[in-house]
Amino acid sequence: MDGMHDLGGKQGFGRVAYPSPPHDETWEPLVRALSAFSIKSHIYNMDEMRHAIERMAPKHYITAPYYERHLTAVATLLVEKGVVTQEELESLVDGAFPLAGPIGPGRQAAPPQVFAIGDKVRVKNDYVPGHVRMPGYIRGKSGVVVRISVPMPFPDTAGHGMQAPMEPTCDVRFKSTDLWPDSCDEAFNHVGVFQSYLEKIETA
Amino acid sequence: MASDRESSAAPLEQRAAALELVLRRKGDLPETFVHDFTEHAEEEWITDNGARMVAKAWTDPAFRARMLADGTAAAKEMGFGFPEHHRQLVVLENTGDVHNVIVCTLCSCTAYTIIGAAPDWYKDLDYRARVVRESRTVLREMGFDLPASTEIRVWDTTADHRYMVLPEQPAATIGWPEEKLAKIVTQDAMIGAAGLDPSKGQ
């Protein structure tokens, strides 16, 4: 989905707060541990977790600290999996317990393709309503395969709690000047792109 | 859906405690899990792991070759592990002409068992939005001014392999023992956002 989380290349942001100002919030390690427990005990998988964060209302996403996004995703998935209801959660706190927005249907992987290092590829012009790990800034853009990863669960399927096929990704090298002509620093941008998101233009 | 809910949201401490209670009651969360997990994360998943890999790569050419060919195997060889969803560790080699820098624009993925928990600045929306498009400018603003001739390679962690940068060994440290070299390798350098300061090894 073209959500608020898809930040790569968005303009108007400012200087990175570097080095990070110190902070110590005891609820943050707690959320980190609860999130790890829920994944370890297979209440949901990592892609479902990421998708729950993406489904947060944009205004909530952009204003929430990092671990509030995790907390909201854990709570949303526990409600969606039937472990608890939002009313039960709210009965335990003084105030509201906001959750992420509702989940839609996922999608299946494309038929397997074979890629090799050096292949010229284009990212498909896909607009996906559900979970997808293709950042918007590479959509429809062309690049060259520089590395092929081990197979991993296809996120667009796994993110919706469905049995996902294992699919390798290609690390694709793009020129920043192809991604944002006349409006970027010169660099090579590499993105780990699931093969279902790619079409081959030219074999190496 | 929840704009009213967000403005009247309960304090974060309470919401986190509520989730813990729910997982205890209904998710079989063991009494000691939170304590044990936190202790494990803070004691085992530390920057020193990656720093030791880098120092070893600088002093042992055969290990360096193995690490560049298969980062996962090299990490395991040194006794470091990965969570199930970190499927592969990819090591990116800096050279005199090439500088690598890592980001995760869609969330904040990192090889946290190897380089330690992601620093706040890496999770910063400003870093995620800008470093892919304005890499040289962002690094310069962070105090890391790369020569104009250096090729910058940005790596966006969009899938479940994890990247770490193998910095170039500073000339002043040639001949140092591994333990001393590891002291100068920082988390920020293994992300590619900072250079190295040999005086830290003194």
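Numbers restart at 1 for each chain; the letters A, B, ... are given by sequence-line order, proteins then strands.
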Which atoms of B:Val103 are under 4.5 Å from chain A, going by heavy atoms: the side chain, the backbone, both sets, or neither?
neither

Checking B:Thr157 against chain A: side chain, backbone, both or neither under 4.5 Å from a heavy atom?
backbone

Grab the two heavy atoms, one from B:Thr158 and one from A:Arg133, that are nearest each other, plus how far apart they are.
O-NE, 2.7 Å

Nearest 0.5 Å, what's the OH-CZ distance between B:Tyr127 and A:Arg15?
15.0 Å

Check whether B:Tyr163 gets within reach of chain A through its side chain, its backbone, both or neither, counting any heavy atom under 4.5 Å.
side chain

Please test B:Arg136 against A:Glu186 for salt bridge (charged side-chain N to carboxylate O under 4.0 Å, His left out), starting from the C-alpha separation and ending with a verdict.
CA-CA 8 Å; B:Arg136 192 175 292 278; A:Glu186 253 185 64; over 6 Å; no

Do any N or O atoms from the side chain of B:Asp126 and from the backbone of A:Gly14 form a donor-acceptor pair under 3.5 angstrom?
yes

How far apart are the C-alpha atoms of A:Asp47 and B:His85, what are their side-chain angles, what is the distance that settles it, and do they pass the side chain to side chain donor-acceptor pair (under 3.5 Å) test?
CA-CA 10 Å; A:Asp47 286 299; B:His85 72 279; over 6 Å; no

Go through the steps for B:Arg130 and A:Gln11 under the test side chain to side chain contact (heavy atoms under 4.5 Å, CB included), then give the verdict.
CA-CA 7 Å; B:Arg130 292 182 62 213; A:Gln11 294 180 290; over 6 Å; no

Single hit among A:Val79, A:Val74, A:Leu89 for side chain to side chain contact (heavy atoms under 4.5 Å, CB included) with B:Val22:
A:Leu89

Interatomic spacing from NE2 in B:His35 to CG in A:Leu30 - rounded to 0.5 Å
13.0 Å

Heavy atoms only: give me the nearest A:Ala17-B:Asp124 pair and the separation to one decimal.
N-OD2, 3.1 Å

At a heavy-atom separation under 4.5 Å, does A:Tyr61 approach chain B through its side chain, its backbone, both, or neither?
side chain

Between A:Met49 and chain B, which part of the residue has a heavy atom less than 4.5 Å away: side chain, backbone, both or neither?
neither

Does the side chain of B:Leu23 reach to within under 4.5 Å of the side chain of A:Leu78, using non-hydrogen atoms?
yes

Toward chain A, the part of B:Asp36 with a non-hydrogen atom under 4.5 Å:
neither

Under a 3.5 Å cutoff, is there a donor and acceptor pairing between the side chains of A:Asp185 and B:Ser135?
no

B:Arg25 atom CZ: more than 12 heavy-atom contacts under 6.0 Å
no

Pair B:Arg133, A:Ser183: side-chain N/O donor-acceptor within cut-off below 3.5 Å
yes

Euclidean distance, B:Leu125 CG relative to A:His5 NE2, rounded to 0.5 Å:
12.5 Å

Donor-acceptor contact below 3.5 Å, side chain B:Gln14 vs main chain A:Leu92
no

Do B:Val132 and A:Trp180 make a side-chain contact, defined as non-hydrogen atoms from C-beta onward lying under 4.5 Å apart?
yes

Contacting region of B:Glu141 [heavy-atom separation from chain A under 4.5 Å]
both

Geometric class of the A:Phe37/B:Phe33 ring pair [parallel <30°, tilted 30-60°, perpendicular >60°]:
perpendicular

Spatial distance of atom CG (B:Leu29) from atom CG (A:Leu34) [nearest 0.5 Å]
6.5 Å

Which heavy atom of A:Pro151 sits nearest a heavy atom of B:Arg87, and at what distance?
O-CD, 4.2 Å

With rounding to the nearest 0.5 Å, note down the distance linking CZ in A:Arg32 to CD in B:Glu42.
5.5 Å

Does a side chain donor of either B:Asp156 or A:Tyr137 reach within less than 3.5 Å of an acceptor in the other side chain?
yes

Would you mind checking which part of A:Phe97 comes under 4.5 Å of any heavy atom in chain B, side chain (CB onward), backbone (N, CA, C, O), both or neither?
both

Against chain B, work out which of A:Ser176, A:Pro155, A:Ser149 has the most heavy-atom pairs shorter than 4.5 Å and name it.
A:Ser149

Among B:Ala18, B:Gly27, B:Ala16, B:Ala194, residue most engaged with chain A (heavy-atom pairs, under 4.5 Å)
B:Ala16

Nearest atoms (heavy-atom pairs only) where A:Leu71 meets B:Leu19:
O-CD1, 3.7 Å

When you look at A:Arg50 and B:Asp160, which way does the salt bridge (charged side-chain N to carboxylate O under 4.0 Å, His left out) test go after all the steps?
CA-CA 12 Å; A:Arg50 293 195 185 107; B:Asp160 275 331; 2.7 Å; yes

State, yes or no, whether a side-chain contact exists between B:Lys123 and A:Ser20 at a heavy-atom distance under 4.5 Å.
no

Kindly indicate, with the supporting measurements, whether the criterion side chain to side chain donor-acceptor pair (under 3.5 Å) is fulfilled by A:Tyr18 and B:Asp120.
CA-CA 9 Å; A:Tyr18 181 84; B:Asp120 287 344; over 6 Å; no

Chain A contacts, top residue of B:Val138, B:Leu21, B:Val90 (heavy-atom pairs, under 4.5 Å)
B:Val90

Between B:Ala159 and A:Met152 the two heavy atoms that sit nearest each other are CB-SD, 4.1 Å

Checking A:Glu88 against chain B: side chain, backbone, both or neither under 4.5 Å from a heavy atom?
side chain

Select one option (side chain, backbone, both, neither) describing which atoms of A:Ile62 are under 4.5 Å from chain B's heavy atoms.
both

Mind checking whether B:Trp121 and A:Pro19 have side chains closer than 4.5 Å, heavy atoms only?
no

For the candidates A:Leu179, A:Ile43, A:Asp171, A:Val84, which exhibits the highest count of non-hydrogen atom pairs separated by less than 4.5 Å from chain B?
A:Asp171

Counting only heavy atoms not in A:Lys175, do more than 12 fall under 6.0 Å of its NZ?
no

Check each atom of A:Phe174 against the heavy atoms of chain B and say whether the ones under 4.5 Å are side chain, backbone, both or neither.
neither

Above 12 or not: heavy atoms from other molecules or residues under 6.0 Å from CG of A:Asn125?
yes

Between A:Val31 and chain B, which part of the residue has a heavy atom less than 4.5 Å away: side chain, backbone, both or neither?
side chain

B:Ala17 versus chain A, heavy atoms under 4.5 Å apart: side chain, backbone, both or neither?
backbone

Partner chain B: residue of A:Val191, A:Ile53, A:Thr63 with the largest heavy-atom pair count (under 4.5 Å):
A:Val191

With the threshold set at 4.0 Å, does a side-chain nitrogen-carboxylate oxygen contact exist between A:Lys40 and B:Glu84?
no

Nearest 0.5 Å, please: how far is OH in A:Tyr66 from OH in B:Tyr122?
9.5 Å

Do other residues, nucleotides or ligands put more than 12 heavy atoms under 6.0 Å from the NZ atom of B:Lys76?
no

A:Glu90 versus chain B, the contacting section by heavy-atom distance below 4.5 Å:
side chain

Which pair of non-hydrogen atoms, one from B:Ala129 and one from A:Lys10, has the smallest distance, and what is that distance?
CB-O, 3.7 Å

